[in-house]
Every structure is written in structure tokens, then in C-alpha cells.
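Labels below follow one simple rule: chain letters A, B, ... track the order of the sequence lines, proteins then strands, and each chain is numbered from 1.
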Amino acid sequence: AQKVTQAQTEISVVEKEDVTLDCVYETRDTTYYLFWYKQPPSGELVFLIRRNSFDEQNEISGRYSWNFQKSTSSFNFTITASQVVDSAVYFCALRANSKLTFGKGITLSVRP
Amino acid sequence: EPEVTQTPSHQVTQMGQEVILRCVPISNHLYFYWYRQILGQKVEFLVSFYNNEISEKSEIFDDQFSVERPDGSNFTLKIRSTKLEDSAMYFCASSESQPQHFGDGTRLSIL
């Protein structure tokens, strides 16, 4: 069975601060994919980033970066220089077969 | 950029009635999914569909649910006899392989 834990429930930061969203996952599969999705107040789910289980290289994409640590089963997501438009619920998700298993989400509020 | 399209955006239905939620996946995608999100909760997998058949379904997807791809473009979720607890946002998603791209969702309200 797959499980995704997002221990943080709500984070509030001031604009331009960096913020890291934590994600811990469980799976018995050796091949899997990890994702972060953003859900703004309008309700849609927006794909942000993806990582394969066999590639632990961490990357930066614009203001987004992620830290994938297989040894600790963690896939943390960092937003650098946060903006008010980053305010949303952020979901970490795991895919080991055909379905996505989501965490409970973290509500990020960025104050001006 | 191609999008997954869902209609209607909001559906209000009386308890016990049948409802059909419609989705148009991205045209070259082969894998289709339905998820639901009860208000304030996490997104939950319902069903995946490939090659005109269900490839996986969750325990939520019981006999009152069914999916269909009636033509080359639409992918529908039918709830046969709605209950109050079916009130949720229903998301359709499609993929070629990775990642899954989601529609904007249909908010289903059961009265």
C-alpha cells in the first residue's frame, strides 16, 4: 500500500521569504514517481514537479526546487522568494502503479 | 497548451438521482482517471481506465459508480443513485505516461 504524509497543515510566511514544504512517503515498490501539485483558491489542480525513484538528482526550476532523499523517503519542495500568488494548498503525491496517492495537503499563505 | 475539460463546473442533484459527469481528456492521452475531493480533504483516487477498460479502482468505486468512453473524445463518470456523501469535487485526469493532467473539476452538490 502507498501512503503520503504531509505533517505540516498550514504555513504562513511573508512575501519574499523562502518556504519548504515537507513530504514523506511509503511504498514497497522499487519504481515509483513523486509529484507536487498546487491547488489555488479557484480549485483546480496544477502539476508542478515530478521525480522518478531512480533519479535522486535534485533540481531547481525557477523559484521551485526539490530535495528527494530516498534514504529517508522524503520529497521536500521549496519555494524561493515566495509571492502572494503562491498562496494555495500544495499536495504531494506518489504513483507506484496507475493511481496517484495524495497527501492531505499543506495550506500556504503568503502575506504581502 | 492542451487541457483536460470537464463539464459541468457545478452540478446540483437531488439525493437518489443519477448524475453523469463529463470529461474530455487531452487528445493523444491513453490513460484516464477519476478522483474526488470532499471539501477540505485530500484528493482520493476512484478509478483508472485504459484500452477501454478499468485498470484499477479503489474501494470507494462501488457498484453505484461506472465509467464509460462513449466515443473517441469523452470520458464519463456515472453515479447511479446519489447519496449525500457523494457531494465533492470530482476531478478527471489524463496522461500519456507521466504526469497526470487534471481538469478544473466538477463540484457535485447532493441535496
Side-chain angles (χ1 to χ4, degrees), chain A residues 1-10 21-27 29 31-55 59 61 64 66 68 75 77 88-107, chain B residues 1-11 23 25-26 29-51 53-61 67 87-109:
Chain A
Q2 276 73 241
K3 186 178 177 183
V4 176
T5 302
Q6 296 181 258
Q8 303 153 311
T9 53
E10 292 184 26
L21 311 180
D22 298 335
C23 175
V24 174
Y25 62 92
E26 293 176 32
T27 180
D29 291 85
T31 300
Y32 51 88
Y33 300 86
L34 294 161
F35 304 84
W36 278 94
Y37 283 86
K38 173 182 178 180
Q39 187 174 43
S42 47
E44 69 271 25
L45 282 167
V46 180
F47 164 73
L48 295 177
I49 58 174
R50 174 190 76 189
R51 209 75 203 136
N52 307 324
S53 57
F54 42 87
D55 183 359
E59 291 184 20
S61 175
Y64 299 154
W66 49 98
F68 175 34
F75 184 52
F77 175 61
V89 181
Y90 288 81
F91 291 97
C92 179
L94 165 71
R95 176 177 168 160
N97 34 49
S98 66
K99 67 179 185 183
L100 282 173
T101 299
F102 285 82
K104 290 186 177 179
I106 302 167
T107 301
Chain B
E1 187 176 328
E3 293 181 338
V4 176
T5 306
Q6 289 187 244
T7 55
S9 55
H10 192 188
Q11 174 81 44
C23 170
I26 295 173
H29 286 182
L30 301 176
Y31 300 87
F32 313 117
Y33 313 85
W34 282 101
Y35 292 81
R36 80 169 186 193
Q37 183 182 30
I38 294 171
L39 186 63
Q41 298 187 23
K42 67 178 179 180
V43 180
E44 300 173 291
F45 169 78
L46 292 178
V47 66
S48 59
F49 192 86
Y50 171 73
N51 201 24
E53 60 183 26
I54 291 173
S55 48
E56 189 175 354
K57 59 183 180 179
S58 71
E59 60 276 8
I60 302 169
F61 194 86
V67 289
S87 294
M89 181 76 93
Y90 287 80
F91 290 101
C92 174
S94 71
S95 69
E96 200 172 2
S97 59
Q98 307 290 347
Q100 294 178 21
H101 294 270
F102 286 79
D104 287 349
T106 293
R107 181 163 298 285
L108 177 62
S109 300

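For chain A, the option among B:Glu44, B:Gln41, B:Gln100 with the highest count of heavy-atom pairs below 4.5 Å is B:Gln100. Annotation: maximal heavy-atom pairing with chain B below 4.5 Å, among A:Gln6, A:Glu44, A:Arg95, occurs at A:Arg95. Ranked by non-hydrogen atom pairs under 4.5 Å with chain A, the options B:Met89, B:Glu56, B:Gln98 are led by B:Gln98.
Contact of A:Gln39 with chain B is made through the side chain alone, with heavy-atom distances under 4.5 Å. No part of B:Ser9 comes within reach of chain A, as not one of its non-hydrogen atoms sits under 4.5 angstrom from that chain. Contacts between B:Ser95 and chain A at a heavy-atom distance below 4.5 Å involve the side chain alone, from C-beta outward. Neither the backbone nor the side chain of B:Gln6 comes within less than 4.5 Å of any heavy atom of chain A. Heavy atoms of B:Tyr35 lying under 4.5 Å from chain A belong exclusively to its side chain.
Put simply, the side chain of A:Thr101 does not reach to within 4.5 Å of the side chain of B:Phe45, judged on heavy atoms. Using a 4.5 Å heavy-atom threshold, the side chains of B:Val67 and B:Phe61 count as touching.
Defined by atom type and a distance below 3.5 Å, a donor-acceptor pair is present between the side-chain atoms of A:Thr27 and A:Gln2.
Here B:Phe102 and A:Phe47 keep their ring centres 6.0 angstrom or further from each other.
Of all non-hydrogen atoms in A:Gly103 and B:Lys42, the two that sit nearest each other are O-CB, 3.2 Å.
Side-chain N or O atoms of B:Thr106 include none that pairs as donor or acceptor with a backbone N or O of B:Tyr90 at under 3.5 Å.
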